[in-house]
Q: 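Pasting a structure here, questions to come.
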Amino acid sequence: MAHSRKRSLCAFGKLIKQHRTNLGLSQEELGFRSNLDRTYISGLERGVRNPSLTALISLSSGLGMTVSELLDGLEVEISSIK
C-alpha cells in the first residue's frame, strides 16, 4: 500500500475512534448503530480498511453526524502522521 494512502486510512481511523469514544460507544455499539460489523469498525480504526461511500454514510449516521462532520479535520490529522 502506498505510504500516503496508509497515512490517510490511519488518520481516518483515528477520527472515527475519537468520535466513537467521545460518544462513549463501543465498537460493537457503533457497528449496531451503523449497521456495520464490529470487526469492520475495528479495521477502519486500525487503518486497514478503506470504506466505501455507503459505509461512510452509514458510519456518520451511526455517530449522529453528517459525512462532512465526520471528515472534518482529516487533512490536519493526515499531516500529523509521520
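Every heavy atom of this structure was used, including side-chain atoms; hydrogens, water molecules and symmetry mates were not.
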Q: Could you pull out the closest heavy-atom pair between Ser34 and Ser58, with the gap in Å?
A: O-CB, 3.2 Å
Q: Only pairs at least two apart or in different chains count here, so list each side chain to side chain donor-acceptor pair (under 3.5 Å) that has a residue in residues 46-56.
A: Ser42-Arg46, Ser52-Thr54
Q: When clusters are formed by joining ILVMFWY residues with side-chain heavy atoms under 4.5 Å apart, either directly or through shared neighbours, do Val76 and Phe12 land in the same one?
A: no
Q: Which ILVMFWY residues are connected to Phe32, directly or by a chain of links, through side-chain heavy atoms under 4.5 Å apart?
A: none
Q: Applying salt bridge (Lys or Arg N to Asp or Glu O under 4.0 Å), which residue pairs with at least one partner in residues 54-75 are found, sequence neighbours left out?
A: none
Q: Would you give the length of the straight line joining atom CG of Leu63 to atom CG of Asn22, rounded to the nearest 0.5 angstrom?
A: 10.0 Å
Q: Applying salt bridge (Lys or Arg N to Asp or Glu O under 4.0 Å) as the test, list every pair that has at least one member in residues 9-28; sequence neighbours left out.
A: Lys14-Glu77, Arg20-Glu45
Q: Measure across Tyr40 and Pro51 and return the closest heavy-atom pair with its distance rounded to 0.1 Å.
A: OH-CA, 3.2 Å
Q: Can you list every pair that meets salt bridge (Lys or Arg N to Asp or Glu O under 4.0 Å) and has a residue in residues 33-44, with sequence neighbours left out?
A: Glu29-Arg33
Q: Quick one: list whatever passes side-chain contact (heavy atoms from CB on, under 4.5 Å) with Ser68, sequence neighbours left out.
A: Thr66
Q: Measuring from Leu30:CG to Thr21:OG1, what's the distance to the nearest 0.5 Å?
A: 10.5 Å
Q: Taking transitive links into account, so neighbours of neighbours count too, which hydrophobic residues share a cluster with Ile81 at under 4.5 Å side-chain distance?
A: none
Q: Let's go through Val48 and Leu9 carefully: what are the C-alpha distance in whole Å and the side-chain angles of both, what is the deciding distance for side chain to side chain contact (heavy atoms under 4.5 Å, CB included) to 0.1 Å, and is it a yes or a no?
A: CA-CA 7 Å; Val48 298; Leu9 293 176; over 6 Å; no
Q: Over all heavy atoms of both residues, which pair between Ile78 and Ser8 is shortest? Give the atoms and the distance, please.
A: CD1-OG, 3.7 Å
Q: At their closest point, which heavy atom of Leu71 faces which heavy atom of Leu15, and how far apart are they?
A: O-CD1, 4.4 Å
Q: Which pairs count as salt bridge (Lys or Arg N to Asp or Glu O under 4.0 Å) when at least one residue sits in residues 53-65, sequence neighbours excluded?
A: none
Q: Residues in side-chain contact (heavy atoms from CB on, under 4.5 Å) with Ser60, at least two apart?
A: Met65, Val67, Leu70
